[in-house]
*Asks:* 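The structure is given below, and queries will be raised subsequently.
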Amino acid sequence: MRRTWIVIGIMLIGLANMGHWSHAAGEQQVGDAVTVPVEIVADYIHSVIEAHRTFYTIQVVERMQKHGKMVASENWRTKHTLPLPVQLLKEADELGALTGSKIRYRLIGLWPINKQNAPATDLEKQGLEQVQKHPEQRYGSIVSVGDGRFFQAIYADRAVTQACIGCHNAHPSSPRKNFKMNDVMGALIIEIPLEE
Ligand code: HEC
C-alpha cells in the first residue's frame, strides 16, 4: 500500500516537471527576434480597418438614415451630419499620423466621386485593376515615398451593404451609377514603412 503511494507520488512529481518543461519550452522572452512577414502585418491591419468601417457604415450611417435621424455627407463638420465612411478612414489615418504612426492608408476608386481619390501612380492603377479582377487577392509591392521605402498593399473595397451603393449611385459627382451589392467599388491602400 505504502509502495503504491510512493509510486503515485513519483509519477505526480514527474508529471509536474513535464508540465513545467513544456511550459518553459513554449515561452519566449520579449525582445527575442520574433518576426512576422510584412504582408501578413498588412493583412491584419486590413481586417481591423475593414471591420471598423463596415460596422460604422451598417450600424451608424445606415441605421440613422433608415430611422430618419441623420444622414452622412461630405461637409459633416459644418452641417452637423455624420462623417461619410470614407471620412472615418481619412480622419483616423490623419489622427494616427499626428500621434506618430508611420502606417498610412486611404481609399482609391476607378470611378471616384472625388477626383483626388483616383489612383496616384501607374502601380496603384495596376493594383486597382488587379483587385477588380481578383478581389480575394492582395496586390503587394515595394514603393518609395520621399526617402523611405514602404510595403504597399492594395485590397479590393466591396459594396458590403445597401448604403454603399445607394449613396454612390445617387451622388451627382459619381461617374458610375450602377453599382450592385458586392461589387468592387475601389481599393484600400495600406503602406507600411520598411525601415524604423
Ligand atoms: C452617404 C454617402 C456614402 C456612403 C454611405 C458611402 N460612400 Fe463611399 N464615398 C462617398 C463620397 C461622397 C466619397 C468621396 C468623398 C471625398 O473623398 O471627398 C466616397 C468615396 C469612396 C471611395 C473612394 C473613391 C471615390 O469614389 O471617391 C470608395 C472606394 C468608396 N467611397 C466606397 C464605399 C463603400 C464600399 C461604402 C460602403 C461600405 C461607401 N463608399 C459608403 C459617399 C458615400
Side-chain angles (χ1 to χ4, degrees), residues 42-98 103-141 143 145 150 152-192:
D43 289 353
Y44 289 158
I45 296 169
H46 170 242
S47 58
V48 173
I49 296 175
E50 197 66 13
H52 282 73
R53 182 156 151 267
T54 302
F55 182 86
Y56 175 70
T57 308
I58 297 176
Q59 300 302 345
V60 181
V61 173
E62 201 160 58
R63 197 148 155 257
M64 290 294 119
Q65 200 173 303
K66 253 187 209 153
H67 293 295
K69 299 266 190 242
M70 202 181 257
V71 293
S73 68
E74 283 101 315
N75 44 9
W76 62 281
R77 273 188 213 275
T78 52
K79 294 283 175 209
H80 305 294
T81 55
L82 292 169
L84 297 166
V86 65
Q87 286 169 325
L88 171 78
L89 209 132
K90 267 189 200 171
E91 297 283 333
D93 170 59
E94 281 164 22
L95 202 59
L98 278 177
I103 290 174
R104 302 303 306 261
Y105 46 91
R106 69 201 138 91
L107 277 178
I108 55 169
L110 273 176
W111 307 274
I113 291 181
N114 179 345
K115 295 212 168 29
Q116 285 180 352
N117 300 332
T121 61
D122 284 346
L123 199 63
E124 287 183 13
K125 187 157 191 288
Q126 212 171 304
L128 188 49
E129 284 164 358
Q130 205 57 33
V131 296
Q132 195 87 19
K133 281 189 223 135
H134 306 286
E136 65 296 337
Q137 285 171 20
R138 116 170 72 68
Y139 184 86
S141 24
V143 296
V145 182
F150 288 76
Q152 184 188 69
I154 303 185
Y155 299 88
D157 191 47
R158 287 177 185 269
V160 286
T161 183
Q162 183 58 38
C164 310
I165 53 180
C167 190
H168 276 249
N169 287 345
H171 200 285
S173 311
S174 175
R176 182 173 161 185
K177 313 256 183 202
N178 62 350
F179 283 115
K180 299 183 301 305
M181 275 299 281
N182 223 26
D183 273 354
V184 177
M185 298 179 69
L188 176 65
I189 300 189
I190 300 175
E191 286 166 354
I192 302 175

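Model, not experiment: these values are computed from the prediction. Counting starts at 1 for both ligands and their atoms, following the listed order.
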*Asks:* Counting only N and O atoms by type, is there a donor-acceptor contact under 3.5 Å from the side chain of Asn169 to the main-chain atoms of Phe179?
*Replies:* yes
*Asks:* His168: which residues meet the ring-ring contact (aromatic ring centres under 6.0 Å, His included) condition with it, sequence neighbours left out?
*Replies:*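 Testing His168 for ring-ring contact (aromatic ring centres under 6.0 Å, His included), a comparison that skips the adjacent residues, returns none.
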*Asks:* In chain order, what residues pass the salt bridge (Lys or Arg N to Asp or Glu O under 4.0 Å) check against Glu50, with sequence neighbours excluded?
*Replies:*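 Here no residue qualifies.
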*Asks:* Does Gln87 reach the side chain of Glu74, with side-chain heavy atoms less than 4.5 Å apart?
*Replies:* yes
*Asks:* Answer yes or no: is there a side-chain heavy-atom contact under 4.5 Å between Val86 and Asn114?
*Replies:*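 Heavy-atom side-chain distance check fails, nothing below 4.5 Å.
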*Asks:* List ligand 1's nitrogen or oxygen atoms that come under 3.5 Å of a protein nitrogen or oxygen, with the partner atom and distance.
*Replies:*
from	atom 1	to	atom 2	distance (Å)
ligand 1	7 (N)	His168	NE2	3.0
ligand 1	9 (N)	His168	NE2	2.9
ligand 1	17 (O)	Lys90	NZ	2.8
ligand 1	17 (O)	Asn114	ND2	3.1
ligand 1	17 (O)	Asn117	ND2	2.9
ligand 1	18 (O)	Asn114	ND2	2.8
ligand 1	26 (O)	Ile113	N	2.8
ligand 1	27 (O)	Ile113	N	3.1
ligand 1	27 (O)	Asn114	N	3.2
ligand 1	27 (O)	Asn117	ND2	2.8
ligand 1	31 (N)	His168	NE2	2.9
ligand 1	40 (N)	His168	NE2	3.0

*Asks:* What pairs of residues pass the salt bridge (charged side-chain N to carboxylate O under 4.0 Å, His left out) test when at least one of them lies in residues 114-138, not counting sequence neighbours?
*Replies:* Asp43-Arg138, Arg106-Glu124, Lys125-Glu129
